[in-house]
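Sequence lines set the chain letters: A, B, ... in the order given, protein chains first and strands last, and positions in each chain run from 1. Nothing here was measured: the structure is a model prediction, and the numbers come from that model.
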Amino acid sequence: MDFENLLITDIRLALQVLFKQTLDYAAISLQKTRKEFEGDYTLVVFPFTSFSKMPPEKTAELIGQYLLANAPMVEKFNVIKGFLNLSLKQHLWSSFFKSAVSEPGFGFCPVDESLDAIVLEYSSPNTNKPLHLGHVRNNLLGSSLAKILHANGKPVVQVNLVNDRGIHICKSMLAWQTWGNGETPESAGLKGDHLVGKYYVLFDQYLKAEIEEMVAQGIDRESATKNASLMKKAQEILMKWEAHDPDTLALWRMMNQWVYTGFNDTYNRMGVSFDETFFESNTYLLGKEIIEEGLDKGVFFRKPDHSVWADLTSDGLDEKLLLRGDGTSVYMTQDLGTANQRYEKFSPSSMIYVVGNEQNYHFDVLRFLLKKLEKDWWEKIHHFSYGMVELPEGKMKSREGTVVDADDLLQEMYNVAKSTTEDLGKAGEAQSDELSKLYWTLALGALKFFILKVDPKKNMMFNPQESIDFNGNTGPFIQYTHARIKSLLSKATERNLDSNEELSIEYQFHSIELNLLRFTYDFPNTVKQAGNALSPAVIANYVYDLAKEYNHFYQEVSVLREEDASIRSFRLTLSSLVASIIKKSMSLLGVEVPERM
RNA sequence: GGCUCCAUAGUUCAAUGGAUAGAACAGAUGUUUCCUAAACAUCAAAUCCAAGUUCGAUUCUUGGUGGAGCUACCA
C-alpha cells in the first residue's frame, strides 16, 4: 500500500489533462504535510507555474479541484500559498491499519538467501589493549548495520579481522616478561585484555623514562627514540616471532588468549557477534603476489632500493609504498591481500568496511590500486567511514590514559540504571537476577541509543554526564514507552476489556490517533531508507518520534476507560502495533525493550 | 604547505532545494483521588561571515573565518 506513488500517478494525470505536461515521477515533489496544517500529503506547486502561467495559489486550486473530482483517494484539499495539502479518505488508513496489524513481519523483508552476501567487516581490534569508546561506536554501528541490512532482505556475513601481531603486541609481551613476575588474569583478578593493556601502558612509561634520560645526556630525541634499548628489545621479539621462535610464539599465544577471553566477555555483553573471525597472523603475508602482478602489468614500479611503489599522483593522490626495500609488506599490502581473499571466498555483492574516517585516505588508495590492477570488483569496496568520538577534555589517547574504557563504561551505565530504578521506587519485589537483567537492558539501551542516534558520518561528542541521562531523547525513554504499552495491554486482558471481535473502525479518528497511524505507516519506508543510507540514526530518530507521539496519545485519550468497546479495541490494537514497531526498531539498534520497568 | 571533512538555541543532536528551522538536556512554570510522572503541557533561546545560482538556500557553487582528520619503509 503506497499512498505516495498512487497520489503521484494521479497528479501526473492531472498535469497532463490541465496543462498538457508530462512530468517524471521524480519531478513531482510530494511530501508529508507538516503537523501544523491540515492534510496527509502536500504537493509543492511552485515548479508548475512556469507552464501553468498562473499564480501558485491558482495552480494549486486547479489541481486540487481536479484531484477531488477524479482521484478516488482524495477526501479534501486546502491551499496555502504554493502548497496543496491533500487529505486521504479515512478508509484508506483503516485498511492500512488492518493489514499492518495482521502482518507479523510488517516493515521487514525476509532475507533473500539467493542473493550474494554483503561482507561486513567491523570491530577489528588490536590485541594489545582493551576495547575503548571508539571501538564501542564501531561495534555498535557494525552490528546495527548488519541487522538493518537483514531487515531489508540482504544476506550479510559479519567479519572480524583481529590484528593479533605486530610491534605493539611485542611491547606488551616484553613488558610482561620484564616486570610481570608471571602474573595471570586469575592471579591479578583482572580481565585478560585489561591485564595485557596494563603492560602495554607500562612499556610506554618505561620507554618514555628511558628516552628522557637519554635526552638529558645530550642525545637528540629522534635518535633516542630509535635507539632506546626497550624499543630495540621489542623489535627483537618481533623478529623472533617472524622466525617462529617457539618460546616467543608460546608467550604470544598465551597473552593473546587472555585478550580473546576478555574481548569475548565484552562482545557478549554488548550483544555483538561475528560469522567469521580472521587473524592477521594468518593473513599478513597475503598480498605480495598481487604486488608482483602489478609489477608485471607495469602499474607499480621499483625504486633503486628495491622498494615497490604505486604512483597515484595522476589521480590526485601521492606515491604509495607497497613493499619495503627488504621485501616485507606494509599495511596496504595486507589489505590488498585480504580484500582479494575475501572476494574469492565469498563472491560478495559488496564489501563494507566499518572503519573510522581517519582512514579515508587509506581506502581511497585501496580502491585506486585495485582499479589500476583491473580488479573489476574494486567498486564493490565501500568504506563505511564513521566519525570520531570526542570527549569534553579532547581526543582520546590510549597511551595517555584519556580513554573511556568500554567495560568501565558499561559498568557505570549499569550502576546508574540500578540507582535510578531504586530512586524511583520501581525495583518492587522482583527477583534480583530479574532486576539485574533489567539494569543491563536499560544500561545498554541508554548507551547504544546515545551513540547510534547520531549521524554515523559525523564526529560526535561523548559527554559521560549526558550519556547516562534516562530522560528525553534516550533509549530508556523509548523502553519506558514500550513497557507502558505492555502494561496497558496486560491490564486490558486482566479486566477482560480486549475484544476478540473483528476490528470495526467506523468512527471519525481522533486527530491524535490519525497522527499516530501516520507514524506507523512510515515504518517500512524508514527501514528501507536506513538500509539505503546505511544509517542506524534514521531508525533511532524515527522510533524516538514514534514513542513521543505515543506518549502524547496516552496522555490525551483514554484507552481502558473508553466506554465504546469498538473504540477501546481500536486504541488497544493501535497501542499494540506501536509496541511492536518500537520493539522491531530498537532491535535494529541492538536494543532490547523490557515488558515492565 | 597540500588534500578531505565539519560549522544550526547556553550544550548535545534533527531537518530528499520548500511553509513559521524541529527535539532533548540545562533554565522558568504548570499537570497525579484517573491506563506506569523514567510521562505530559507552557515559556524563553539558533542556521559562522560575504557573494552567487534559484520562484524559493541550513541544504548547491565560490571566497573568507574557525575546528577536526589525513599527508610513515606504524598497523
Requested in this report: Sequence neighbours left out, what passes side chain to side chain donor-acceptor pair (under 3.5 Å) with A:Glu562? Give chain and number order.
Outcome: A:Arg571
**Report entry** Side-chain H-bond candidate by donor/acceptor type, A:Thr42 with A:Thr33, under 3.5 Å
**Finding:** yes
Query raised in the report: From B:U36, B:C55, B:A68, pick the nucleotide closest to the side chain of A:Asn459?
Result: B:A68
**Report entry** Side chain to side chain, A:Leu546 and A:Phe523, heavy atoms closer than 4.5 Å
**Finding:** no
Query raised in the report: Between B:U42 and B:C5, how far is it from one C1' atom to the other, in whole Å?
Result: 40 Å
Tabulate protein N/O versus nucleotide N/O from nucleotides 56-60 of chain B, keeping only pairs under 3.5 Å, one per line.
none

**Report entry** A:Glu319 bridged to A:Lys303 by N-O distance under 4.0 Å
**Finding:** yes
Query raised in the report: Just checking, is any N or O donor in the side chain of A:Asp164 or A:Ser281 under 3.5 Å from an acceptor N or O on the other one?
Result: yes
Requested in this report: Is it possible for you to check whether A:Lys129 lies under 6.0 Å from the centre of the six-membered ring of A:Tyr200, through NZ or CZ, and within 45° of that ring's axis?
Outcome: yes
Query - Whole-Å distance separating the NZ atom of A:Lys418 from the P atom of B:A38 - result: 19 Å
Query - Closest-nucleotide 5' rank along RNA chain B - winner of A:Pro456 and A:Ser558 - result: A:Pro456
**Report entry** Between B:G10 and B:A45 - P atom distance, rounded Å
**Finding:** 11 Å
Query raised in the report: Does one side chain, of A:Arg324 or A:Thr328, offer a donor that lies under 3.5 Å from an acceptor on the other?
Result: yes
Report summary line: Whole-Å distance, A:Glu494 CD to B:C35 P, equals 13 Å
Report task. Look at all strands and tell whether A:Pro56 reaches a base, only sugar-phosphate, or nothing, counting heavy atoms closer than 4.0 Å. Result -> nothing
Report task. Return yes if a side-chain donor-acceptor contact under 3.5 Å exists between A:His362 and A:Asp335, otherwise no. Result -> yes
Report summary line: Writing each nucleotide of RNA chain B 5' to 3' as (, ), [, ], | or . by Watson-Crick or G-U pairing under 3.5 Å yields (((((((..((((....[...)))).(((((.......)))))....(((((..]....))))))))))))....
Pull out every protein N or O sitting under 3.5 Å from an N or O of nucleotides 4-6 of chain B, one pair per line with the distance.
none

**Report entry** Any donor-acceptor N or O pair under 3.5 Å, side chains A:Arg165, A:Asn256
**Finding:** no
Query raised in the report: Centroid-to-centroid, A:Phe450 to A:Phe462, below 6.0 Å?
Result: yes
**Report entry** Per A:Ala483 side chain, nearest of listed nucleotides B:U36, B:A39, B:A38
**Finding:** B:U36
**Report entry** Ring centers of A:Phe300, A:Trp309 separated by less than 6.0 Å
**Finding:** no
Requested in this report: Considering only atom C1', compute the distance from B:G67 to B:C49 and round it to an integer number of Å.
Outcome: 16 Å
Requested in this report: Indicate whether the side chain of A:Asn357 and that of A:Tyr386 have a donor and an acceptor atom separated by less than 3.5 Å.
Outcome: no
Requested in this report: Check the side chains of A:Ser172 and A:Asn128 for a donor-acceptor pair under 3.5 angstrom, ignoring hydrogens and angles.
Outcome: no
Requested in this report: Would you mind checking if A:Glu4 and A:Lys32 are paired as a salt bridge, meaning a charged N to carboxylate O distance below 4.0 Å?
Outcome: no
**Report entry** B:U12 to B:C74 separation - P atoms, rounded to the nearest Å
**Finding:** 38 Å
Report task. Do nucleotides 19-26 of chain B as a string where each nucleotide becomes B, S or -: B if the base has a protein heavy atom under 4.0 Å, S if just the sugar-phosphate does, - if no protein is that close. Result -> BS-SSSS-
Report summary line: Per nearest nucleotide of RNA chain B, the residue lying toward the 5' end, A:Met461 or A:Val44, is A:Met461
Return the polar atom pairs (N/O with N/O) between nucleotides 72-75 of chain B and the protein under 3.5 Å, or none.
{"unit_1": "B:C73", "atom_1": "O3'", "unit_2": "A:Arg324", "atom_2": "NE", "d": "3.4"}
{"unit_1": "B:C73", "atom_1": "N4", "unit_2": "A:Asp305", "atom_2": "OD2", "d": "2.1"}
{"unit_1": "B:C74", "atom_1": "OP2", "unit_2": "A:Arg324", "atom_2": "NE", "d": "3.1"}
{"unit_1": "B:C74", "atom_1": "OP2", "unit_2": "A:Arg324", "atom_2": "NH2", "d": "2.8"}
{"unit_1": "B:A75", "atom_1": "OP1", "unit_2": "A:Arg324", "atom_2": "NH2", "d": "2.9"}
{"unit_1": "B:A75", "atom_1": "OP2", "unit_2": "A:Arg324", "atom_2": "NH2", "d": "3.4"}
{"unit_1": "B:A75", "atom_1": "O3'", "unit_2": "A:Glu280", "atom_2": "OE1", "d": "3.0"}
{"unit_1": "B:A75", "atom_1": "O2'", "unit_2": "A:Asn163", "atom_2": "ND2", "d": "2.2"}

Query raised in the report: Side chains of A:Ser385 and A:Asn360: do they bring a donor and an acceptor to under 3.5 Å?
Result: yes
Requested in this report: State whether a side-chain donor-acceptor pair under 3.5 Å links A:Glu121 with A:Asn160.
Outcome: no
Report task. Verify the contact: side-chain N or O of A:Thr49 to OP1 or OP2 of B:C55, cut-off strictly under 4.0 Å; return yes or no. Result -> no
**Report entry** Flag for A:Ser575-A:Tyr550: side-chain donor and acceptor within less than 3.5 Å
**Finding:** yes
**Report entry** Conformer about C1'-N of B:U36 - syn within 90° of 0, anti elsewhere
**Finding:** anti
